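This report concerns only the one structure given below.
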Amino acid sequence: MTPPGLPNAMERPHFIGIGGAGMSGIAKILAQRGAKVAGSDARDSETAQALRAHGATVHIGHAAAHLAADSTCVVVSSAIRSDNPELARAAELGIPVVHRSDALAGLMDGLRPIAVAGTHGKTTTTSMLAVSLSALGLDPSYAIGGDLDAPGSNAHHGEGDIFVAEADESDRSFHKYTPQVAIILNAELDHHANYASMEEIYESFETFVAKVVPGGTLVVAHGQAGAAEIAARVAGNEGLRVVTYGEEEAADVRITKITPRGLTSEVTVVIDGRMLTFTVSVPGRHYAHNAVAALAAGVALGIPAHNLASALGKYTGVKRRLQLKGEAAGVQVIDSYAHHPTEMNADLEAIRGAAGDSRILVVFQPHLFSRTQELGKEMGQALALADAALVLDIYPAREDPIPGITSEIIIASARAAGADVTAEHEKDAVADVIAGMAKPGDLVLTMGAGDVTDLGPQILARLSS
């Protein structure tokens, strides 16, 4: 096939926040397609350096002067504030502003897109598809919310006709995509600044499903209540094929067995009447389910199930999804992106299953004031699965503080659930505290969606010393 060209007005795009997970992937693909890419970010990073290696101009800090007058558009995400100086300069120059979801939708034109949606597991499932399809020589394009194995590996412009994309429901931007195959892994109440109720979540996912092309397929979790509700609501959509997966007898793609094998799992499924057993190279039941969702989606695009099942074993994880950062003094340090109680429970249960008799020590950083306000109690209950935990102050990301909302909500709930939890207000002190607690054989889990990930190397260095 002829590789797709550049979407309209994308010849010289300027990205505000170019180092972000979603933004950097789109920038990389555009650069690989021949666009003259520029942008800015608050701080330098390995991702920014990787983009420079692809020919992009990356400015550090935000200033009106960073925006070239001949830019054909300015790309923003929902995280960019309206008072950003580059955004104001774009208005002065009359340069059109494009949301990143519109830019991503443009990159998918002319291809066969798989869009992966759900409250949890999107990055992992998208990554599993990207890795396995690549291993089969299909050279897909992909845009993922996390790096596979190196900075800047979150996206790729492939020569094949498949585009795998993480479809973000947080700001309803996934309504822009028209996939041939859509995946819904789960649906729970989250993103409280944008959704007031589960009904709003359901309506948003229904809109997403309505955009699947006629004759396309929805792959949906059978046993997850939110996903099952959406499946029931869209069952009558004309031209839509619905394929369910799960451990239930009634699932179209049925998981019959998940066997933990240390930090991997062996999964047996029945698909199209055939039994298949394959390896998932990350621990935990939820990752096994993600792999089966990826399998069902690939089969919906016509890829032989046995080929794809074998290729799924090539996936060895994505950064921040139970990523082993290293070992020192007999202590393993693992990084987890989990920030919603369901994710925290799933990752802690997976690690507990792999840890045997070893202790699990968690360094948890809550993400967003609004999420803590709504789900702080459940976060604390999840931490009771650890042997001990440090809880940091809330990482604000794009939010302003909410009076009365602090990490103490989580700590009080965790203690009420019987957890051994300590507040730690100084991030710089964490490495020393953990080094004083950890013993040979322990597992340390840095957990959260903010900059808690930076602590893994510091903890390893302190343990080594």
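Quick caveat, the model's predicted, so the values are computed rather than measured.
A side-chain donor-acceptor contact under 3.5 Å links Ser40 and His62. Counting only N and O atoms by type, the side chains of His222 and Asp252 include no donor and acceptor under 3.5 Å apart. Between the side chains of Asp139 and Ser134, no donor N or O sits under 3.5 Å from an acceptor N or O. Remark: the Thr268 side chain and the Thr277 side chain contain an N/O donor-acceptor pair separated by less than 3.5 Å. Judged by distance alone, the side chains of Asp190 and Thr119 never bring a donor and an acceptor atom under 3.5 Å apart. In this model, a donor atom of one side chain and an acceptor atom of the other lie less than 3.5 Å apart for His99 and Ser78.
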task: Begin with the C-alpha distance, continue with both residues' side-chain angles, and end with the deciding distance and a verdict on salt bridge (charged side-chain N to carboxylate O under 4.0 Å, His left out) for Glu399 and Arg371.
output: CA-CA 10 Å; Glu399 290 187 343; Arg371 184 177 284 122; over 6 Å; no
message: Working note: Glu247 + Arg285, criterion salt bridge (charged side-chain N to carboxylate O under 4.0 Å, His left out); need CA distance, chi angles, decisive distance, verdict.
response: CA-CA 11 Å; Glu247 297 180 55; Arg285 184 171 296 275; 2.8 Å; yes
- prompt: Given Leu443 and Leu361, is the side-chain contact (heavy atoms from CB on, under 4.5 Å) satisfied, shown in steps?
  reply: CA-CA 6 Å; Leu443 295 170; Leu361 312 179; over 6 Å; no
side-chain contact (heavy atoms from CB on, under 4.5 Å) between Ile162 and Val164, worked out: CA-CA 7 Å; Ile162 299 173; Val164 188; 4.0 Å; yes
task: Kindly determine whether Lys122 and Glu169 satisfy salt bridge (charged side-chain N to carboxylate O under 4.0 Å, His left out), including the steps that lead there.
output: CA-CA 10 Å; Lys122 292 186 292 291; Glu169 83 285 355; 3.1 Å; yes
message: Pair Arg352, Asp387 - check salt bridge (charged side-chain N to carboxylate O under 4.0 Å, His left out), show working.
response: CA-CA 10 Å; Arg352 177 65 69 196; Asp387 293 287; 3.2 Å; yes
message: One pair to check against ring pair (Phe, Tyr, Trp, His ring centres under 6.0 Å): His289 and Tyr287. What are the steps and the verdict?
response: CA-CA 5 Å; His289 278 246; Tyr287 288 116; over 10 Å; no
message: Could you go through Phe15 and Ile26, starting from their C-alpha distance and side-chain angles, then the distance that decides it, and tell me whether this counts as side-chain contact (heavy atoms from CB on, under 4.5 Å)?
response: CA-CA 9 Å; Phe15 288 75; Ile26 297 167; 3.9 Å; yes
task: Give the intermediate values and the outcome of side-chain contact (heavy atoms from CB on, under 4.5 Å) for residues Tyr395 and Thr372.
output: CA-CA 10 Å; Tyr395 184 81; Thr372 305; over 6 Å; no
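In this structure, the side chain of Ser132 does not engage the main chain of Leu312 through any donor-acceptor pair within 3.5 Å. Judged by distance alone, with hydrogens and angles left aside, the side-chain atoms of Ser141 form a donor-acceptor pair with the main-chain N or O of Gly158 at under 3.5 Å. Distance alone, capped at 3.5 Å, is enough to place a donor-acceptor pair between the Ser407 side chain and the Leu392 backbone. Between the side chain of Thr279 and the backbone N or O of Ser281 there is no donor-acceptor pair closer than 3.5 Å. The closest donor-acceptor contact from the side chain of Gln32 to the backbone of His157 lies under 3.5 Å. Distance alone, capped at 3.5 Å, places no donor-acceptor pair between the Asp335 side chain and the Thr453 backbone. In this structure a side-chain-to-backbone donor-acceptor pair under 3.5 Å is missing from Glu248 to Ala250.
From Gln458, atom CD reaches atom NZ of Lys427 across 7.0 Å, with rounding to the nearest 0.5 Å. From Ile230, atom CD1 reaches atom CG of Asn186 across 9.0 Å, with rounding to the nearest 0.5 Å. Note: Leu138 CG to Glu159 CD = 13.0 Å, rounded to the nearest 0.5 Å. Here the CD1-CE distance, from Ile18 to Met23, works out to 7.5 Å after rounding to the nearest 0.5 Å. Once rounded to the nearest 0.5 Å, the distance linking CG of Leu189 with OG1 of Thr342 reads 10.5 Å.
Proximity of the aromatic rings of Tyr142 and His156 is defined here by a centroid distance below 6.0 angstrom, and this criterion is met. No close placement of the Tyr177 and Phe208 rings is indicated, their centers lying 6.0 Å or farther apart.
Checking Gln224, Glu188, His339 one by one against His120, the side-chain hydrogen bond (donor to acceptor under 3.5 Å, both in side chains) holds for a single residue, Glu188.
A salt bridge is absent between Arg43 and Asp451: the closest approach of a Lys/Arg side-chain nitrogen to an acidic carboxylate oxygen does not fall below 4.0 angstrom. Salt-bridge formation is not detected for the pair Asp420/Arg359: no Lys NZ or Arg NE/NH1/NH2 atom is positioned less than 4.0 Å from an Asp or Glu carboxylate oxygen.
Applying the salt bridge (Lys or Arg N to Asp or Glu O under 4.0 Å) criterion to Arg33, with sequence neighbours excluded, gives no partner residue.
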